[in-house]
Protein chains: 2
Amino acid sequence: MNRFLSNATNRIDAKGRVSVPALFRSVLVQRGVQELYCLQDLVFPAISVGGPDLLERYERQIAAADPFSPEANRMSLLVHGGGVFMRLDAEGRLMVTDFIRDFTGIGTDVTFVGRSDHFQLWQPQAFHEAQAAAREGRLSMSRPQ
Amino acid sequence: MNRFLSNATNRIDAKGRVSVPALFRSVLVQRGVQELYCLQDLVFPAISVGGPDLLERYERQIAAADPFSPEANRMSLLVHGGGVFMRLDAEGRLMVTDFIRDFTGIGTDVTFVGRSDHFQLWQPQAFHEAQAAAREGRLSMSRPQ
DNA sequence: ATGCTTCCCATTGACGCCCATATGGTCCCA
DNA sequence: TGGGACCATATGGGCGTCAATGGGAAGCAT
């Protein structure tokens with residue numbers, strides 16, 4: 001398996017750490033990803049996590065615009081100012097910072113959700129609700145897959 | 001990491017100093033930047049901070065415009081008239097001058113915001129509001145492939 | 001001298017690094 | 001087929017290091 005698939009929920013410990021599921025870690029290793037880039041999802045209250053390529057995709061978007069335009073400025077504010085680089089510790093855990101908590105509503109547990117070329121961090125209940133909504137086709141305004 | 005990414009908020013002490021985040025300082029070292037050039041952002045109430053290359057980039061932009069246009073005139077006024085050189089102290093702190101306070105509204109805390117090739121100083125709440133606004137106005141920022 | 005800046009050192013609190021334990025699943029063998 | 005050994009993952013916590021912060025004291029200019 002070389003893609004991020006399925007989901008799993010892990011507990012945050014007293015120090016604010018949470019284990020990334022082993023399946024996801026093995027995908028990271030396969031892809032040679034060592035530094036993780038985290039970005040707020042544009043639609044859902046979730047944090048997207050991937051390798052540097054994730055950042056580069058967004059940067060190409062910015063580069064396409066006039067670099068001094070208000071539009072490029074606004075995009076950079078989101079992508080560069082809102083993005084965070086993280087590393088896993090020796091046990092494959094990451095810190096759940098306030099940046100992540102505030103945006104996702106995550107409290108004591110984190111749901112890891114595979115998204116093929118990256119994965120996401122969700123507040124467990126928010127994920128279940130979003131999935132239930134998607135199943136009922138109530139996401140007509142969401143972005144296409 | 002060789003770019004300015006993510007954001008962090010630090011407190012200004014009684015002497016008006018504030019620590020530049022260690023991550024940003026390490027990027028400055030990597031780039032061999034010793035003198036910091038500060039100027040007002042063209043769109044947001046924020047101060048941009050970078051090496052001499054930052055100034056040069058703005059000057060090229062001015063040069064590219066019609067030298068007698070109101071736009072070039074306005075940019076020159078901001079870049080040349082509003083620019084300041086600064087240095088960090090031994091602990092990696094910088095002085096928050098009235099020039100910075102007046103333009104940004106910064107009071108007791110400063111939010112450092114990465115912008116890839118430079119970083120910015122924001123009043124914390126102004127940053128959160130600007131980011132939220134940028135996310136709302138995402139219509140123009142489609143999901144990259 | 002007074003106010004402001006620069007250099008230096010102390011404190012403390014957070015984070016990274018390391019090792020220990022628990023838990024659940026799998027495989028092997030009787 | 002059932003029991004048990006083994007293993008990988010998830011989780012908990014100790015401890016050292018470093019960043020952020022606070023403040024004293026010496027230089028500089030007004």
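Source: prediction; values computed, not measured. Sequence lines set the chain letters: A, B, ... in the order given, protein chains first and strands last, and positions in each chain run from 1.
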In Å and rounded to the nearest 0.5 Å, what is the CG to CG distance from B:L23 to B:N7? 11.5 Å

Atom pair CG/CE of B:D13 and B:M95 - distance to nearest 0.5 Å: 8.5 Å

I'd like to know if the side chain of B:R115 reaches the main chain of A:H80, judged simply by a donor and an acceptor atom lying under 3.5 Å from each other, with no hydrogens or angles considered. no

Kindly assign one of parallel, tilted or perpendicular to the pair A:F4 and A:F24, based on the angle between their ring planes and the thresholds 30° and 60°. perpendicular

If you assign each of A:D13 and B:D13 to its closest nucleotide in DNA chain D, which residue comes earlier from the 5' end? A:D13

Starting at atom CE of A:M95, determine the distance to atom P of D:dG12, rounded to an integer number of angstrom. 14 Å

Atom CG of A:L36 and atom P of C:dG16: how far apart are they, to the nearest Å? 13 Å

By salt bridge (charged side-chain N to carboxylate O under 4.0 Å, His left out), B:R101 pairs with (sequence neighbours left out) none

A correct 5'-to-3' footprint of nucleotides 17-23 of chain C, with B, S and - meaning base, sugar-phosphate only and no protein heavy atom under 4.0 Å, is BBB----

Would A:E35 and A:R87 count as a side-chain contact (heavy atoms from CB on, under 4.5 Å) if you check the C-alpha gap in whole Å, the side-chain angles of each, and the deciding distance to 0.1 Å? CA-CA 5 Å; A:E35 266 183 328; A:R87 290 177 49 213; 4.3 Å; yes

Could you write out each protein N or O paired with an N or O of nucleotides 24-26 of chain C at a distance under 3.5 Å?
none

Checking side-chain contact (heavy atoms from CB on, under 4.5 Å) for the pair B:R3/B:R31: CA distance, chi angles, key distance, verdict? CA-CA 9 Å; B:R3 285 178 291 192; B:R31 299 187 168 211; 4.0 Å; yes

The single option from A:T108, A:D109, A:V110 passing side-chain contact (heavy atoms from CB on, under 4.5 Å) against A:I12: A:V110

Rounded distance in Å - CD (A:Q34) to C1' (C:dG16): 17 Å

Atom pair distance, as rounded to whole Å: CD1 in B:I12 and C1' in D:dG23: 17 Å

Checking side-chain contact (heavy atoms from CB on, under 4.5 Å) for the pair A:M86/A:V49: CA distance, chi angles, key distance, verdict? CA-CA 9 Å; A:M86 301 195 108; A:V49 183; over 6 Å; no

Pairwise side-chain contact, A:L28 with A:L36, heavy-atom cut-off 4.5 Å (strictly under): yes

Write down the atom of B:G114, the atom of B:F119, and the distance for their closest heavy-atom approach. CA-CB, 4.2 Å

Look only at the side chain of A:N10 and the backbone of A:V18, and say whether a donor-acceptor pair between them is shorter than 3.5 Å. no

Atom pairs, N/O to N/O, protein against nucleotides 11-13 of chain C, distance under 3.5 Å?
none

Of the residues in residues 20-29 of chain B, which ones touch DNA chain D at a heavy-atom distance under 4.0 Å? B:V20, B:P21, B:A22, B:R25

What donor-acceptor contacts under 3.5 angstrom involve side-chain atoms of residues 37-44 of chain B, with partners at least two apart or in another chain?
from	atom 1	to	atom 2	distance (Å)
B:Y37	OH	B:V79	O	2.6
B:D41	OD1	A:N73	ND2	3.2
B:D41	OD1	B:V43	N	2.6
B:D41	OD1	B:F44	N	2.7
B:D41	OD2	A:N73	ND2	3.3
B:D41	OD2	B:Q120	NE2	2.7

